[in-house]
Amino acid sequence: MREVKKIGVLTSGGDAPGMNAAIRAVTRAALHHNIEVYGIMRGYEGLINGEIKKMCSSDVSGIIQKGGTILQTARSVAFRTPEGRVQARENLKKHDIDSLIVIGGDGSFAGASIFSREHNFPVIGIPGTIDNDLYGTEYTIGYDTALNTVVEAVDKIKDTASSHNRIFFVEVMGREAGFLALMSGIACGAEAILIPEVPGQIDKLMNYLSLRGQQKKSSIILVAEGEDEGGAIAVSKKVQDAFPQFDIRVTILGHIQRGGSPTTHDRVTASRLGVAAVEALLDDQTSIMVGIDNDQIVHVPLSKTIKLHKTVDPQLLEVAEILIG
Ligand code: F6P
């Protein structure tokens, strides 16, 4: 059995509401098991630069309700190089840190997996991204909050859309995944949802809009930023060319989706996953992600979370299709 005495924790990639709740849970669970905790600033960047500080229980007081991440985050280019990872390993050695917990998305897990293999270093991943696009877990931290942010914004847009009989193209985040667009589209009663997982939706949209022409009512079209036409602006231009008579507007929700106080669901998920990550280390696990499946904690090899793609639920696609008026 490996000894776990000092763990490092960092947040990496895009921040997500609930990351603070996860940092808090990791810290408190570790201290509960008499393990020292070191917070690493700015993700792998801070690991390479030696921005590492010891954490105590009071350092994570009053943060469960806060968006963002108190440890800050970065998308590190240096950590993609073997030299960067050697530097990171040396800094961990300097502080006698024996294990690492990484809170982030697939890019962060790719780095974690290589690092763990190269340096034979125990690493556990906690899924944190508003995209919810990690294989092996039903939820990622931040997804639920981002969904609620989108729904609240679109509800407001609907008021003005219907007052003017306008078509609104609302772009939500998701470079490679349409989970946010699909779920929020269903929740908002969108007239169409364009996501990267279902290419070629533009023809269907044109068809729908040509029928709409006679009815003259407002419409909300949810567009994931990574859909195959190139996002809401590109789609709206095509539609405007085909239907010059339509009054069209585009709203790009952008980074508003990444901020805000986490929902209860995200706080509780983050708390469960943080505790589970520490327990996984104590259980001699390494190179795994702790995730949620069927409301139970699961362990999934990091290699799988990187290689395999999470697919959108075909039942949800069907629901969206059936409910369009
Ligand atoms: O991965 C999370 C995410 O918010 C994506 O949905 C989005 O495409 C991307 O990050 C934006 O990244 P950045 O904030 O670095 O521009």
Side-chain angles (χ1 to χ4, degrees), residues 10-22 41-46 67-69 71-80 102-113 125-154 169-185 187 193-198 222-235 250-263 266 269-270 273 289 291 302 305-306 308-312:
L10 61 82
T11 47
S12 165
D15 62 329
M19 279 184 164
N20 281 328
M41 297 301 293
R42 299 191 308 114
Y44 297 125
E45 280 295 288
T69 156
L71 294 178
Q72 301 189 295
T73 184
R75 300 189 195 276
S76 176
V77 176
F79 197 70
R80 291 195 204 133
V102 172
I103 307 166
D106 54 355
S108 311
F109 287 1
S113 179
I126 297 180
T129 161
I130 64 162
D131 295 343
N132 200 31
D133 59 347
L134 270 169
Y135 176 87
T137 185
E138 271 162 21
Y139 295 106
T140 58
I141 296 165
Y143 174 55
D144 188 61
T145 308
L147 265 182
N148 282 287
T149 301
V150 173
V151 170
E152 203 185 318
V154 175
F169 289 88
V170 182
E171 184 176 294
V172 301
M173 279 188 164
R175 269 191 296 233
E176 277 144 34
F179 296 96
L180 254 185
L182 178 58
M183 282 292 252
S184 58
I193 305 168
L194 274 60
I195 58 174
E197 292 87 341
V198 188
L222 249 287
V223 185
E225 63 175 325
E227 67 76 49
D228 60 334
E229 294 293 327
I233 293 176
V235 179
V250 177
T251 302
I252 296 176
L253 291 182
H255 286 79
I256 193 172
Q257 296 160 89
R258 287 246 293 266
S261 179
T263 58
D266 274 330
T269 302
L273 292 173
M289 170 192 78
L302 282 180
T305 70
I306 303 154
L308 299 178
H309 260 291
K310 183 171 176 179
T311 50
V312 286

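In this chain, residues are counted from 1 in sequence order. First listed ligand is number 1; within each ligand, the first listed atom is number 1.
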**Q** Say whether Gly174 and ligand 1 are in contact under the criterion: heavy-atom distance to a ligand atom below 4.0 Å.
**A** yes

**Q** Give me the residue, atom name and distance of the protein heavy atom closest to atom 14 (O) of ligand 1.
**A** His255 NE2, 2.8 Å

**Q** Roughly how far apart are Glu197 CD and Glu176 CD, rounded to 0.5 Å?
**A** 10.0 Å

**Q** Quick check: does any side chain N or O of Asp266 sit under 3.5 Å from a backbone N or O of Gly18, one acting as donor and the other as acceptor?
**A** no

**Q** Tell me, which pairs form a salt bridge (charged side-chain N to carboxylate O under 4.0 Å, His left out) where one or both residues lie in residues 10-22, sequence neighbours left out?
**A** Asp15-Arg258

**Q** Can you pull out every salt bridge (charged side-chain N to carboxylate O under 4.0 Å, His left out) where at least one residue sits in residues 139-153? Sequence neighbours excluded, please.
**A** Glu152-Lys156

**Q** To the nearest 0.5 angstrom, please state how far the CG atom of Asn132 sits from the OG1 atom of Thr137.
**A** 7.5 Å

**Q** With side-chain hydrogen bond (donor to acceptor under 3.5 Å, both in side chains) as the test, would you mind laying out the steps for Glu45 and Ser76 before giving the verdict?
**A** CA-CA 6 Å; Glu45 280 295 288; Ser76 176; 2.6 Å; yes

**Q** Among all protein heavy atoms, pick the one closest to atom 15 (O) of ligand 1 and tell me residue, atom and distance.
**A** Arg75 NE, 3.0 Å

**Q** In this structure, does ligand 1 have an atom that sits under 4.0 Å from one of the heavy atoms of Glu176?
**A** no

**Q** Among protein heavy atoms, which sits nearest to atom 8 (O) of ligand 1, and what does the distance come to when rounded to 0.1 Å?
**A** Glu225 OE2, 2.4 Å

**Q** Measure the distance from atom 2 (C) of ligand 1 to every protein heavy atom, then report the residue, atom name and distance (to 0.1 Å) of the closest one.
**A** Asp131 OD2, 3.4 Å

**Q** What protein heavy atom lies closest to atom 4 (O) of ligand 1? Include the residue and the distance to one decimal.
**A** Arg258 NH1, 2.9 Å

